[in-house]
Amino acid sequence: MKKIETNSENLKDDISAFYDYKIWHYITVNGVDLGDKMEIQYLFKKYGNKEEVVCYFLTMDYEKEIPSIVSIIPSAYLGEGEVVDMFGVKIKEIPKGLLLEEDSCQAPLRKAQ
Amino acid sequence: MISAITKAFSNLLKKPYTCNYPVTPVIKPKNYRGLIKFNDEYCIWCDKCEKVCPPNAIIFKQFEDGHKVYNYNPYLCIYCGDCIRACPKTGDALWQCEEKGLPSISKDAPNDDWFILEKEAKQSRENYKAIKAAKKKS
Amino acid sequence: MKKTINIPYGSQHIALLEPVRFQFETQNEKIVGVKADIGYVHRGIEKACTSTFEYKQIPSVVARVCGLCAITHSLTYVMAVEQIIDVNVSEKAKYLRMLMVELDRIHSHMLCLSHTAENAGYEALFMQIMADREIIMDIQEAISGNRVQFDFVCIGGVNRDITDEIVKFIIKSLNELQPKIEDIFDMFENNWSLSLKYKGIGAITKENASIYNALGPLARAAGLETDVRAESDYYPYEKIGYKMILEQTGDIYGRNRVRLREILSSIDMIKNILCDIPEGNIIEKVKGKPNGESVARLEAPRGEIFYYLKGVKQAMLDRVRTKTPTFSGIPAMVEIFKGQEYGDVPAILASFDPCMSCTAK
Amino acid sequence: MSWFLALFAPVFGTLVSGIDRVVRARMQRRLGPPLMQPFYDMFKLLDKRPMMVHKLHIVLGVMHFMALWASIALFMFGGHLLYIIFTHLLSVIFLILAGYSVRSPYSHLGANRELLALFAYEPILILMAVGFYLTCGSFEVSVITSNSPAIVSMPLMFIALLILLPLKLKKSPFDAPEAHQELCGGVEIEYSGFFYEVIYVSKMTEIIFVYALVFLFAGQNILLGIILVTGSFFLVNAVDNATGRIRIDHLVKKVYATAFVLALLALGWISYV
């Protein structure tokens, strides 16, 4: 896995400069709880060759809000929605409630709870 | 479409694929993964099977004099066979038979007692440890 | 003004065996808007994997995410773990794993085909394919000892060896299956009512397939060359005669053709695997605790399956991320539904082969 | 005899439906349900609690069954064929109104489709009645059944009726009005308990109506009639097991392109000969 660091300000620019839907296959958005911070990963793979998976990642505080990449990758709303539900992070324009309901346990995968 | 129609007619004369299941038994292949069987004569009480079991279907309860009792819950068991592979005395002490586990209905509540037993077993281990520690001290 | 009727499709519906809800806005039975709602059966398996079970027990846990792709889930997990703790699996175990994955692909594709037929109102074909599918189920039962939950792979190899008797049985059964598949192929190709139902219905272009990240047979039917089997060299797929199967039409008919041709090619691959299974151990000893990150991908019957693991030198893993094929396929599905007739919806939906127990794991 | 047939038509329909299910299962190489399964279903439905939307819905459902039964009774007593066809039309219209009277989208779509199917088959039934008038000189069923077999003079009309059979019996390829995978049964979806049983029985009574029309082609020759009925019964089941469901717009087009044209040709032939 090739990891490339980015941050919440540059995220959209980096992804839009990098992502071309004809070459790259977007895998998913993944969240990892680092204990006091969150790591959000955006995973890609090139079509039709055997190179390794490319991962753009950023670290963020729990309370901060990061931009959404739906405008660049239209199918990313599912992956982002899952991260929002499971970790309780905030992503712009991505509402809660894709997988969990209002009355279910909030942010189940976060470590602090 | 014509061939399918002729097939439908010819199927009328053929034997059905399905069988009247509970009345006519189905044939199981060799080495079918069934229930777990235990023989306490050969067991060395290493607890390895208990540790590897994913659904905690094997529990050893310990008594104050140190001897253990094997408990097995067929309704919780997923027949994965991890316990058999972990067992140092496979075949003698613990083995998997080809017998199919029976289904249970929720009215029987097969697992309710089991969860109580699970707690008791945990408690019994701690009690035994405490007794052992007390003996060492004295 | 045309009247708009909102038709809920699911989460409890006769043609939809999965807990997902599609809300169709229709005008004269033509669909003008679609909303998808997933997450009816979220079971928190990712949470359970990081809080209840140790990493050696997880292959049995993730296998229960889904019954149809049981082997692919545990296998992908196992591949990811083996990368972290540096276990080299023997060639023989790799061959046996490939064998099981291909068998799994055959039976899953057959199930999907039968559902496509049933949801197009062709009950007899459904029964026929289901009856033929029993051959594969019997093979799987003979190899692993169970019909659905194989628990065949474990960290470091596979659990059961294959005997000459079973090899003979598999080859005999596959020879029996091949003409039956060709027969079904003929039905899908030439039946008058099915061609009305399938040809040109539910089509997606190659462009849209790659914009919306379609996967597996859905993408390959539109001509998008994506197949994990060709994109990784973990398994020697070239050696056993793997060919990527592509169709250009992108409609239900194309998807059915992709599935049928993949079944035929899988049968050939299985025969090749059985011919040259190398000698060796089936299982390696595993020591140590996972430390670090790893990802693993595998081509499940429905498309790419993806696992991300993170371990911190403990018996319990820090993070297990499962990405299932249907989960990433939903945007493409929603796109396809727009502009279709409501009468075609069940067949289109079945041809996606959706697996919601995977999606809401 | 007529009394007996008319009174027990629903029971015969249920029995035929049981045979139908066994035959269909055997054609798919399944064991299938026992012969008496529709009766068991009926007893089970009696136990269920009816949860009905409103009274009009109930009334329309019961009226559907009564009108259908009346049309069969008319048939058994040798009544006027046009009256029979229009009483049957009335019963279908009751069902369609019942479908529109509730707010379920499935029920509405089912009623829409039922109406379209009605447009497809009703003209052909009337053309068939005209055909009988031209060959036998009367619309009375009693006259038609005492004449020589009508199938000899209008075989094309019989083929047209054969094409209609799957449509009336809700079998593929023409089962779009019911389409349980799309509409969960269409118009009948909001019925429950005893009132669903009424709809269920009327569905099976319809089988008797349809095969009675087939029987009509044999005229006075009862043996030929039995052969025609069993032959068409097996043929319809075989076609059901060899085709998928086609869409409602295709259905209307195909029925007009085949059955309607055949019926017109048959009429032309009769008047020419």
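Side chains included, hydrogens not; waters and symmetry mates left out as well; all remaining heavy atoms used.
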Once you round to the nearest 0.5 Å, how far does [atom1] of [X] lie from [atom2] of [Y]?
X: C/Lys206; Y: A/Lys22; atom1: NZ; atom2: NZ; answer: 9.0 Å
X: A/Lys46; Y: C/Glu231; atom1: NZ; atom2: CD; answer: 11.5 Å
X: A/Glu39; Y: C/Arg319; atom1: CD; atom2: CZ; answer: 11.0 Å
X: C/Ile211; Y: A/Ser75; atom1: CD1; atom2: OG; answer: 10.0 Å
X: A/Tyr21; Y: C/Leu224; atom1: OH; atom2: CG; answer: 11.0 Å

### Query
Highest number of heavy-atom pairs under 4.5 Å with chain A: which of C/Glu225, C/Glu46, C/Gln83, C/Glu207?
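Between C/Glu225, C/Glu46, C/Gln83, C/Glu207, the count favours C/Glu207.
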### Message
Counting heavy-atom pairs under 4.5 Å with chain A, which one of C/Lys310, C/Glu335, C/Glu293 comes out on top?
### Response
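Greatest number of close heavy-atom pairs with chain A: C/Glu293.
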### Task
Heavy-atom pairs under 4.5 Å with chain C are the metric here; pick the option from A/Thr28, A/Asn30, A/Val53, A/Asp85 that has the most.
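Between A/Thr28, A/Asn30, A/Val53, A/Asp85, the count favours A/Asn30.
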### Option that, when pairs with chain C are counted at under 4.5 Å, heavy atom only, ranks first among A/Gly81, A/Cys55, A/Ala76, A/Gly31
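Among A/Gly81, A/Cys55, A/Ala76, A/Gly31, the one with the most close pairs to chain C is A/Gly31.
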### Message
Do C/Lys323 and A/Leu43 have side chains that approach each other closer than 4.5 Å (heavy atoms only, starting at C-beta)?
### Response
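No; the side chains remain at least 4.5 Å from each other.
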### Message
Measuring only between side-chain heavy atoms, which start at C-beta, is A/Tyr77 closer than 4.5 Å to C/Pro331?
### Response
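In contact.
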### Query
Shortest non-hydrogen contact from A/Pro74 to C/Tyr212?
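Residues A/Pro74 and C/Tyr212, closest heavy atoms: CB-CE2, 4.0 Å.
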### Task
Quick one: closest heavy-atom pair of A/Asp33 and C/Asp318, and the distance?
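Shortest heavy-atom separation between A/Asp33 and C/Asp318 comes out as O-OD2, 3.9 Å.
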### Query
Which bit of C/Tyr308 is near chain A, if near means a heavy-atom gap under 4.5 Å: side chain, backbone, both or neither?
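Side chain of C/Tyr308 only, per the 4.5 Å heavy-atom cut-off to chain A.
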### Message
Can you tell me which portion of C/Phe327 sits under 4.5 Å from chain A's heavy atoms? Options are side chain, backbone, both or neither.
### Response
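Interface part for C/Phe327: both.
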Where does [X] contact chain C at under 4.5 Å (heavy atoms): side chain, backbone, both or neither?
X: A/Glu82; result: side chain
X: A/Val83; result: neither
X: A/Lys45; result: side chain
X: A/Leu34; result: side chain

#### Entry: C/Glu304 and A/His25: side chain donor to acceptor below 3.5 Å
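A pair is found: one side chain offers a donor N or O, the other an acceptor, under 3.5 Å apart.
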### Stepwise side-chain contact (heavy atoms from CB on, under 4.5 Å) check, A/Met86 with C/Arg321
CA-CA 11 Å; A/Met86 291 296 140; C/Arg321 169 77 162 103; over 6 Å; no
### Message
With a sphere of 6.0 Å drawn around NZ of A/Lys37, does it hold more than 12 non-hydrogen atoms of other residues, nucleotides or ligands?
### Response
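At most 12 heavy atoms, drawn from other residues, nucleotides or ligands, come within 6.0 Å of this atom.
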